[in-house]
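Here's the structure we're looking at; comments come further down.
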Amino acid sequence: LAPWWLPALTHGAGTALLLDAGRLPGSASSGIELLTGRLDGLGAPWWLGVVVPVLAVLALVPRVSRIPVLICWMVAAVTALLALVLSFLDLGLVAGSSPAGQGALLVVLQGALVVACALAAPALAEVRVSASRLRRRALVGTIAVVAATVPVVGLGWFLVAGQPDLDEAGDADIPAYMVQSALVDPEHGILIIRGDVSTGLRYAVRRDDGVRLGEDEIVAHSAGDATLDDVVDTLVSRPTPAAVTALGEAGIEYVVLPSPADAAVSAELDATAGLVAASAEDRQTRAWQVDRPLSADQITGSRSWVRILLLVLQFGALAALAVLCGPHAAQRRRQ
Amino acid sequence: MKRGSMAIRGDLVLAVVLPVVCVAALLLTHPGAGRTGAEQDRAPRLAPLVAASVVCPSGLGSGDRTFTTTMSAASGSVSAGLAAETTPVEVRPQRVSRVRGGGGPIVVSGAEALAPGLVAGRSTSKPLAATDCRPASSEQWFTGLGSGATHNSVIELVNPNAGRAVADVVLWSQAGPLVIPELLGLTVRGRASTQLDLGAIAPRRGELTARVFVGRGRLAVHVADSVDELGTGLEATDWLAPQSAPQRRNVLLGLTRGEGERLLVLGNPGDSETRATIRIITPRAVFAPSDLEPVIVPPGSTKPIRLNDLLAEASDQGAIGLVVESSEPLTANLRQLVGDDLSEVAATASVSAATAAVVPAGKARLLLADADGVGAATITAYDAEGEELTSSTLDLIPDVGANVGLPSGTALVSLSPERASVRAALLIVDRTNGVAVVPFRDLEFDGLIPDARPGLF
């Protein structure tokens, strides 16, 4: 992981190591949600998640398996303490801030509790050796049913009530023809401005097919473009033809105010020379086309040779490992 | 045996302690515990305007004059005109400068230091009519419009900006809302204007209320209202001022003296019937006439109320205006046809900061009413060269009006309320040519600059 972690540290983006993968800012959950296996309201109903911690507590009862179960609980306690410490962190990003990621902690916590249950289950079945075979079978059956209930009902919820789609639909706010235009060349960027004047505006530029998985953290820890910041500031407050020309030079073809578009900003943009009203499916979404020459000159990024070197080293190391893992000549000779 | 029991006690203790520690730590974990709150303050900030324009409507008759000035401390050149042909006009603080731009609409634009506090006014001497030149906006309401043979209105849409503007004009007649396809989706090119003659587009008798909503861009909207008394040869025209939105308290300032017709028109665009009470404002008090019952205004309609005798008598006794209060928001306008002159009195907006108006030739008076608290207002009159003629400070008291005479030769009057907002209008009287009323509005000095930052989406 050095090709990713080391450049993150050298670029001052060490906080990225504390974030979950995916869209930022990440979600934040209460401790109770973590205990019941839910992340920021996502997941099966809470009462289903209570089963695992309750079984994990019951797993402490059989004396035979108590020591391994205690080790599991030790892992869970350390994870809980870590979740508590991380909940006080607020990690600064290029836009706003994000709480530290809790996804890994949730998995470790639930995993520890599930392992505790699994370790105790055979022992629980042998609690009363004197019991008849039938009663022991009934006990083991009950434990198996309860243990299976959580994943089965959880899976059922995922398929019925949850969101079974694994792919992500395109941004409904952006007209499809703009997205298609953005795919053609990098200078056909789309400037998306959300929010309103009273509570503040946020903007982002979409190029190609948008931010891909894994790029969120990079975008969130990149330095802002001061020139574009100034252009957008002018555009949303006192738009001038010069600001529109600068948009073209920055490789932006469309400006979109997704629904509900702020009336004050859209009226200013309507009145500006060089911006031609563009159509959008939703009447509440406002869009303009930049009627100025587009340029890709400003869309450049620096190449990190250190990272390339680290990637080469990593692949070299992987190759070496593969060779070392293979059966070597001495073994073959012995055979 | 003893060691065994100790071991059992040790794991029992851990069996209790570890779940307790785990649950306690999780109970103490709250989402957003580390949030600093720095993100909360994202309110827009005020900054002086760097570009502003006010729009004067087309002239109405002979003696057409347009003047402009600045209430900022800067001197320099503003541009006047529409489309490509603009002319520079030199302005100095408080000195009114004549703008020459033909009979069509004129856009006066100031940039940088001359953008804040831009003032302009247009007037005609025969018939006497005057209007304030206003900035373009997205929504305006007009009440008491006509589209008949004897009473007709022409709506003028002026687009002072480069981009296209699209507007919808929705009308409410005395019978209910009117959907006129010709008045929907009106497109006005950049730096162009268009006129809508309601009599030609939607001919009908009775009073109308209009909402001009600009969905794309911004437009300055003016209405020229005219009365043509068939048979008598009387033709009178005046500008009809807008209001920004229906309101529960409409104050109309600018009653004229003499016998004639007075028609108060109320517009109720809402879905509920409302009861409106009408009271009369004098410089000493606000009172409800004993013989005037509250008026019921049906939903989605326009209601005319004839007040000929009541207002003739009240104005002779010094009344300066009306206040119309209702449980639902209404729009209001008073049409006065006294002598051969038409004067329109629209609902006046509250003024809370220093403002000013260009004063046309004639005997001018400043009418004040409906202060929202106890305060003071400084009234300063300037001549055409910007020299101060008089300056006086009035006490503002709720429910007490004021009628202040301005010295002869006043070309500009400034009003600076302190500690309270007040409604004000300029009343200009010319013995031969009639009366004109110009409501005051807050001048634009600052603009809102939104907090714009990069986002992650």
Any chance you could measure B:D132, atom CG, to B:L443, atom CG, to the nearest 0.5 Å?
8.0 Å

Proximal component of [X], with respect to chain B [non-hydrogen, under 4.5 Å]:
| X | answer |
| --- | --- |
| A:L228 | neither |
| A:L70 | both |
| A:I32 | both |
| A:I67 | side chain |
| A:L109 | side chain |

State, without any angle test, whether [X] and [Y] hold a side-chain donor-acceptor pair at a distance under 3.5 Å.
| X | Y | result |
| --- | --- | --- |
| B:S244 | B:E139 | no |
| A:D196 | A:T199 | yes |
| A:E33 | A:T36 | no |
| A:D90 | A:S97 | yes |

Let's test your reading of the structure: which of [options] forms the most heavy-atom pairs below 4.5 Å with chain A?
| options | result |
| --- | --- |
| B:A165, B:G217, B:A452, B:P454 | B:P454 |
| B:P19, B:G215, B:A136, B:A51 | B:P19 |
| B:P160, B:A24, B:G447, B:P31 | B:P31 |

Contact between B:D168 and B:L183 at the side-chain level, heavy atoms closer than 4.5 Å - yes or no?
no

Within-4.5 Å side-chain heavy-atom neighbours: A:D270 and A:R286
yes

Please flag which part of B:A15 lies under 4.5 Å from any non-hydrogen atom of chain A: side chain, backbone, both or neither.
both

Pick one of side chain, backbone, both or neither for B:A47, based on which atoms fall under 4.5 Å of a heavy atom in chain A.
both

Given A:A76, A:S87, A:G210, A:P53, the one with more heavy-atom pairs under 4.5 angstrom with chain B than any other is A:S87

What residue, out of A:A80, A:A264, A:A273, A:S266, has the most heavy-atom pairs lying under 4.5 Å from chain B?
A:A80

Would B:V169 and B:L184 satisfy side-chain contact (heavy atoms from CB on, under 4.5 Å), going step by step from the backbone distance to the final call?
CA-CA 6 Å; B:V169 180; B:L184 301 177; over 6 Å; no

